Protein chains: 2
Amino acid sequence: MGITKSEIFTDRQNRIAMFAKVFGHPARVAILEHLFKIQTCVCGDLVEEIGLAQPTISQHLRELKQLGLIRGTIEGTRVCYCIDPEKWTAMKAVLYDFLDREAPGTECC
Amino acid sequence: MGITKSEIFTDRQNRIAMFAKVFGHPARVAILEHLFKIQTCVCGDLVEEIGLAQPTISQHLRELKQLGLIRGTIEGTRVCYCIDPEKWTAMKAVLYDFLDREAPGTECC
DNA sequence: TTTATTTATTGCAATATTACGATGATTAAA
DNA sequence: TTTAATCATCGTAATATTGCAATAAATAAA
């Protein structure tokens, strides 16, 4: 049905999935990488840097903003985006807690 | 159009997104957590453990298998699943390389 | 062989995602 | 005030994802 049954999972599992999902598209990965690279915040440069239409970039930026991973500041006719350091750290803690496991070396079954 | 323009991104960015995407659903998070918890591999228990229909679980298992993160071994009428340790480690390396950044403390713009 | 058990596959309905053109809103510049 | 520039939003088309009932496939048990 295209709709995720979030009710049957723990908050923790839903939180992990929510953060992972936002990285599940290369455009959002590229946006974040560019924001990390260009210390001073960027905005419409992302449209040129990445090869997608302006409304598409804007849509991806909104998803990142909704999770709090980036912030946008209006600067005249432009909008400057940057990583939110606290949120980035908090997100890392959630994902690392899930990812940082050692798979047992024993053979399967 | 619902279709991702993978061509315009680097292999690295696509790889990061591909791995992150598979964790972007709580059912797959739950499956992996259960496989980590129950050392000895499980199969249809996942259907009971998680509250989704058998075909749905089977579909999620297939996605994990396609990325190589889990393996399935036929045992009579059952199929035993387990984490692939090498693939798990390789996946971690890819995601950590992306996630493990320090956001600059400087203010936005 | 027949029946049960277990998992994969197929087909489908409902919803979500991706992408973009058109347009609106806001502000700077002329 | 008018025009240009920049970004967000709306509307829409195409595709993807999620979930399940029905069914097939494979093997164990009777």
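Predicted model, so just to flag it, every value in this text is computed and none were measured. In what follows, every chain begins at residue 1, and chains take the letters A, B, ... in the order their sequences are listed.
Rounded to whole angstrom, the span from the CG atom of L64(B) across to the P atom of dT17(D) amounts to 14 Å. Distance I50(A) CD1 to dC7(D) P: 13 Å, rounded to the nearest Å. Remark: C1' of dT17(C) and CG of L61(A) are 16 Å apart, rounded to the nearest angstrom. Atom CD1 in I3(B) sits about 17 Å away from atom P in dT17(C), given to the nearest Å. If you take CG of D45(B) and C1' of dT5(C), they are 14 Å apart, rounded to a whole angstrom. When the P atom of dC7(D) is taken as reference, atom CD1 of I70(A) falls 13 Å away, rounded to whole Å. Taking atom CD of residue Q59(A) and atom P of nucleotide dT17(C), one finds them 10 Å apart after rounding to whole Å. Computed from coordinates, the Q66(A) CD to dA16(C) C1' distance equals 14 Å when rounded to whole Å.
Nearest-nucleotide mapping onto DNA chain D: of K65(A) and K5(A), the residue sitting toward the 5' end is K65(A).
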Assess whether ring-ring contact (aromatic ring centres under 6.0 Å, His included) is satisfied between F23(B) and F19(A), documenting all intermediate values. CA-CA 9 Å; F23(B) 301 129; F19(A) 278 129; over 10 Å; no
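Between the side chain of W88(A) and the backbone N or O of L99(B), at least one donor-acceptor pair lies under 3.5 Å. A donor-acceptor pair under 3.5 Å is formed between the side chain of K92(B) and the backbone N or O of R101(A).
Annotation: side chain of Y81(B) is not in contact with side chain of I31(B) (no heavy-atom distance under 4.5 Å). Between I8(A) and K5(A) the shortest side-chain heavy-atom distance falls below 4.5 Å.
Distances from the side chain of T56(B) to the nucleotides dT7(C), dA19(C), dC20(D) place dC20(D) closest. With dG19(D), dA16(D), dC7(D) as the choices, the nucleotide that has an atom nearest any side-chain atom of R78(A) turns out to be dC7(D). Nearest to the side-chain atoms of Y81(B) among the listed nucleotides dA19(C), dA8(C), dG19(D) stands dA8(C). Of the candidates dT15(D), dT9(C), dG19(D), the closest approach to any side-chain atom of L52(B) belongs to dG19(D).
Using a 4.0 Å cut-off between a side-chain N of Lys or Arg and a carboxylate O of Asp or Glu, E33(A) and R28(A) do not qualify as a salt bridge.
Dashed line: the shortest gap from a side-chain N or O of K21(B) to OP1 or OP2 of dT17(D) is under 4.0 Å. The phosphate of dT17(D) (OP1 or OP2) has no side-chain N or O of H60(B) nearer than 4.0 angstrom.
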Treat primed atoms plus P, OP1 and OP2 as sugar-phosphate and everything else as base, then score nucleotides 21-30 of chain C 5' to 3': B for base contact with protein heavy atoms under 4.0 Å, S for sugar-phosphate contact only, - for none. BB----BS--
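For the atom pair N14(B) CG and K21(B) NZ, the distance stands at 10.0 Å (nearest 0.5 Å).
Among the protein residues, S58(B) comes within range of the nucleic acid bases, having at least one heavy atom under 4.0 Å from a base atom.
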